[in-house]
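The structure appears below as structure tokens.
The residues of the chain are indexed from 1 along the displayed sequence.
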Amino acid sequence: MSRALLEFLASVVPEENIRQQEPMSEHTTFRVGGPAEVFVTVDDREQLGKVIRYLNLTGWSHFLLGNGSNLLVGDKGYKGVVIRLGREFENVKMEGSRLTCGAAVSLAKAAKTAMENGFSGLEFASGIPGSVGGGVRMNAGAYGGELGNLVESVLVMAKDGSLMELDNETMEFSYRKSVLKDRPYAVLEVTMKLQEGNREEILARMNDFAARRRQKQPLEYASAGSTFKRPEGYYAGKLIMDAGLRGMRIGGARVSDKHCGFIINDGTATAADIAELIEEVSETVKEKFGVRLEPEVIFLGDF
């Protein structure tokens, strides 16, 4: 570990915000993953800007962590710096029909805030276990809704620490994708335009979506939600089921019996088990149906 790196970080953030060899299994919904060499929490834009500039100037590998709900970290961990957004990035405010959220705000909290203020549009996101920042980056969606349909502007930070505001058109939203997938920008804040509605009706829709999730998804197991993107003209879960892969297991990783689009950790899986099963499922579906399933999951570190 570089003493210079640790000394620099200690000059920018409180010492308790810096951890070495932090187990990433504690920060991902798959509940697997080896240690991050350095894990640092930044509480505001100034701290983040200083850390981002330093890491880019010195060539340190780094990863900006959201809620870890779409992330598979290798068993050997990550040789670099994982950055978690803290206090300032957890703020939410509603001004008229505009909801502005820090990147670290959970999608569930954003949806609840909208509901409590009588604004509709985010109900679909109430059960997505990700953050607003990560959700916007991948244009998260469910039940016919997508964040890209609501986003008005996104405040981002570039590699040199400078700030830019991207409007909806510049974000280039498409299915499970935005311009941020290919650019090294950190999301700081997102503003969404919502529609005024009836609070009781909005809550009823949220409760309906929650009931559907409990009925159809394996929420009792650790997972990253839907493991694969929906291939054009098909449904990933049905392809996997039709390929005879329901319940297929590698180590502690298993194709869910409840919903074949989910790969779950039965409590004993390693990251290598999950990665191998993802590849095996994708290859089998390709062989049987000629359709290549693309993972939604981000792979990080050494497996």
Are any side-chain N or O atoms of [X] and backbone N or O atoms of [Y], one a donor and one an acceptor, separated by less than 3.5 Å?
X	Y	value
Asn91	Glu88	yes
Asp167	Ser153	no
Thr113	Lys109	yes
Thr58	Tyr54	yes
Asp75	Gly33	no
Asn17	Val40	no
Glu283	Glu279	no
Thr191	Thr100	no
Thr170	Leu166	no
Ser131	Gly135	no

[X], [atom1] atom: more than 12 neighbouring heavy atoms under 6.0 Å:
X	atom1	value
Lys112	NZ	no
Glu196	CD	no
Tyr234	OH	no
Glu16	CD	yes
Gln195	CD	no
Phe289	CZ	yes
Lys258	NZ	yes
Glu220	CD	yes

Tell me the closest heavy-atom pair linking [X] and [Y], and the distance in Å.
X	Y	value
Val132	Cys101	CG2-CB, 4.0 Å
Ser256	Arg246	O-CG, 4.1 Å
Ile298	Arg137	CD1-NH1, 3.8 Å
Asn67	Ser106	ND2-CB, 4.1 Å
Val13	Gln47	CG1-OE1, 3.4 Å
Pro231	Leu293	CG-CD2, 3.8 Å

Can you tell me how far apart [atom1] ([X]) and [atom2] ([Y]) are? Round to the nearest 0.5 Å.
X	Y	atom1	atom2	answer
Met248	Cys260	CE	SG	12.0 Å
His259	Ile264	NE2	CD1	12.5 Å
Arg176	Ser226	CZ	OG	7.5 Å
Phe89	Arg45	CZ	CZ	7.0 Å
Glu146	Tyr175	CD	OH	8.0 Å
Asn207	Arg212	CG	CZ	12.0 Å

Report yes or no: do [X] and [Y] belong to one cluster of Ile/Leu/Val/Met/Phe/Trp/Tyr joined by side chain heavy-atom distances under 4.5 Å?
X	Y	value
Leu155	Ile52	yes
Leu99	Ile128	yes
Val255	Phe228	yes
Val179	Met138	no
Leu194	Leu203	no

### Task
Cation-pi check, Arg254 to Tyr221: give yes when NZ or CZ is under 6.0 Å from the six-membered ring centre and within 45° of the ring axis, no otherwise.
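Yes, a cation-pi geometry.
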Hey, does [Y] have a side-chain heavy atom less than 4.5 Å from the side chain of [X]?
X	Y	answer
Leu71	Phe30	no
Val154	Met171	yes
Met206	Met115	yes
Glu37	Gln20	no
Phe39	His27	yes
Leu6	Ile18	yes

Taking NZ, NE, NH1 and NH2 as the nitrogens, is one of them in [X] or [Y] under 4.0 Å from a carboxylate oxygen of the other?
X	Y	answer
Asp302	Lys76	no
Lys229	Glu296	no
Asp242	Lys288	no
Glu46	Arg53	no

### Message
Between Ile240 and Val285, does the side-chain contact (heavy atoms from CB on, under 4.5 Å) criterion hold? Intermediate values first, please.
### Response
CA-CA 6 Å; Ile240 295 166; Val285 169; 4.2 Å; yes
### Query
Of the options Asp273, Asp266, Asp257, which is the one that meets Arg249 in a salt bridge (charged side-chain N to carboxylate O under 4.0 Å, His left out)?
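It is Asp266; the other options fail the test.
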Do the side-chain N and O atoms of [X] and [Y] include a donor-acceptor pair separated by under 3.5 angstrom?
X	Y	result
Lys193	Ser97	yes
Asp160	Asn56	no
Arg205	Ser120	yes
Thr41	Arg84	yes
Ser69	Thr29	no

### Message
In this structure, is the centre-to-centre distance between the rings of Phe209 and Tyr143 below 6.0 Å?
### Response
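Close enough - the centres of the two rings lie under 6.0 Å apart.
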### Task
Take Glu22 and Val82 through the test side-chain contact (heavy atoms from CB on, under 4.5 Å) and record every step on the way to the result.
CA-CA 9 Å; Glu22 175 73 2; Val82 171; over 6 Å; no
### Query
Parallel, tilted or perpendicular: which fits the ring planes of Tyr78 and Phe63, with parallel below 30° and perpendicular above 60°?
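Geometry flag for Phe63 against Tyr78: perpendicular rings.
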### Task
Before giving the answer on side-chain contact (heavy atoms from CB on, under 4.5 Å), spell out for Val151 and Val136 the whole-Å C-alpha distance, their side-chain angles and the decisive distance to 0.1 Å.
CA-CA 8 Å; Val151 169; Val136 164; 4.1 Å; yes
### Task
For the pair Arg87 and Val42, evaluate side-chain contact (heavy atoms from CB on, under 4.5 Å) and give the outcome as yes or no after the intermediate values.
CA-CA 8 Å; Arg87 192 173 54 245; Val42 294; over 6 Å; no
